[in-house]
Amino acid sequence: MTFPASAREERGATAARDRTFWGKLSGWAPYGAALRVATASPRRQFLILAICPVIWVLTQHLGPMVQMLRVSLTDAYPVAPGTPQHFTIEHYLTFFHDPLFWQPFFRTLSFAGVFTFCTLVLTYPVAYFLARHVRPKNRMLLLLLLLIPFWVGEIVRTYAIMILLGNTGAVNLVLKWIGLIDRPIPFMYTSFSMGVGIVYLTALYMLLPLYSALEKLPASLNEAAADLGAGAWTRFRRVTLPLTLEGISSGCTLVFLISTGFYATPVLLGGPSTTVFAETIAGFFHVAGDQWPTGAAFAIIMFLAALLVTAAFQKLMSSLRKGDSK
């Protein structure tokens with residue numbers, strides 16, 4: 001009895017697979033029985049897939065925050081051997097009793113809000129161009145080109161901004177070359193230079209949600225609006241913008257939360273008038289250990305404040321989406 005060439009090749013591949021470790025394991029009866037029990041229902045399949053991400057979130061994200069909360073409630077950290085540890089909320093009260101800390105705190109929130117809005121305004125046209133005017137086969141290439149600068153670390157990109165905005169940087173040299181200035185403009189160590197750095201560092205987190213929302217938007221909706229006599233601005237305001245509110249909400253949330261936690265960029269690009277709360281928090285961890293609980297308490301306060309602002313923003317965006325859907 002002879003077999004076609006394709007059948008012989010399939011039998012050979014099966015035999016080779018059966019000789020491998022995974023091939024032998026898949027043919028082992030106890031393994032097959034355990035696999036059938038584990039995947040007997042969609043809920044079990046979900047639990048198996050979710051267990052590793054859940055462990056990662058609990059140990060790498062929530063774990064450090066819980067530890068930070070515990071440190072913030074202690075009277076001293078670390079505790080000397082044989083010394084009893086006491087819990088207190090005094091370090092939280094320090095923030096509310098001393099107005100000196102309020103200015104960098106509210107400055108951080110206001111800077112984060114302004115920089116988030118600037119990032120949205122600058123990246124929305126880019127995302128719109130990629131999603132609506134670039135051929136599908138070229139979109140991934142252009143996205144890859146936009147991703148390349150983000151392959152290097154925050155410090156390297158921050159130094160690139162410093163070189164760009166310095167007195168002998170490219171911006172001042174170009175302005176001087178075209179005759180707009182006679183002497184260099186002091187861009188560095190101002191809120192402008194810090195804003196440029198933060199917008200540059202967070203642009204990707206705004207661009208990708210906007211691009212995803214705009215790519216899913218059917219072109220027929222704008223075409224129908226144009227057939228009904230709507231102009232370009234009306235189509236954007238009544239069709240495109242409302243249907244991309246979800247992408248705007250996601251991008252703004254990411255950028256705002258990231259902006260409130262920046263430390264290296266404000267230190268390198270900002271000045272005395274742009275001190276943010278992260279620098280205040282770091283100051284407590286740069287001194288003796290008895291100040292660590294105060295720094296931990298301030299970090300928890302900043303974290304909760306950022307979450308409250310984000311929750312209010314999400315509530316606003318949710319009401320806007322519901323209003324547009326009526």
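We use all heavy atoms of the structure for the numbers below, so side chains are in, but hydrogens, waters and symmetry mates are not. For reference, positions follow the sequence shown, starting with 1. Since we're looking at a predicted model, the values are computed, not measured.
Minimum heavy-atom separation, L210 to A127: CB-CB, 3.7 Å. Annotation for A112 and T260: closest pair CB-CG2, 3.7 Å, computed over non-hydrogen atoms. When all heavy atoms are compared, the tightest approach of P266 to E279 is CB-OE2, 3.7 Å.
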Go through T244 and Y124 one step at a time and tell me if the side chain to side chain donor-acceptor pair (under 3.5 Å) criterion holds.
CA-CA 10 Å; T244 56; Y124 198 102; 2.8 Å; yes

Using the side-chain contact (heavy atoms from CB on, under 4.5 Å) rule, take W292 and F284 through it: C-alpha gap first, then chi angles, then the decisive distance, then the call.
CA-CA 6 Å; W292 285 20; F284 291 106; 6.0 Å; no

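Environment of CZ in R70: crowded, with over 12 heavy atoms of neighbouring residues, nucleotides or ligands closer than 6.0 Å. Within 6.0 Å of the OH atom in Y205, the count of heavy atoms belonging to other residues, nucleotides or ligands does not exceed 12. The neighbour count for D182 CG, taken as heavy atoms of other residues, nucleotides or ligands under 6.0 Å away, does not exceed 12. By the neighbour-count criterion of 12 heavy atoms within 6.0 Å, atom OH of Y189 is sparsely surrounded, having that number or fewer from other residues, nucleotides or ligands.
Taking the six-membered ring for Trp and the full ring otherwise, the centers of F95 and F101 sit at least 6.0 Å from each other. Ring-centre distance between Y128 and H133: below the 6.0 Å cut-off. For F313 and F256, the ring centers are positioned 6.0 Å apart or more.
In summary, the side chains of T158 and T265 do present a donor paired with an acceptor at a separation below 3.5 Å, with no hydrogens or angles considered. In this model, no donor atom of one side chain and acceptor atom of the other lie less than 3.5 Å apart for H91 and S72.
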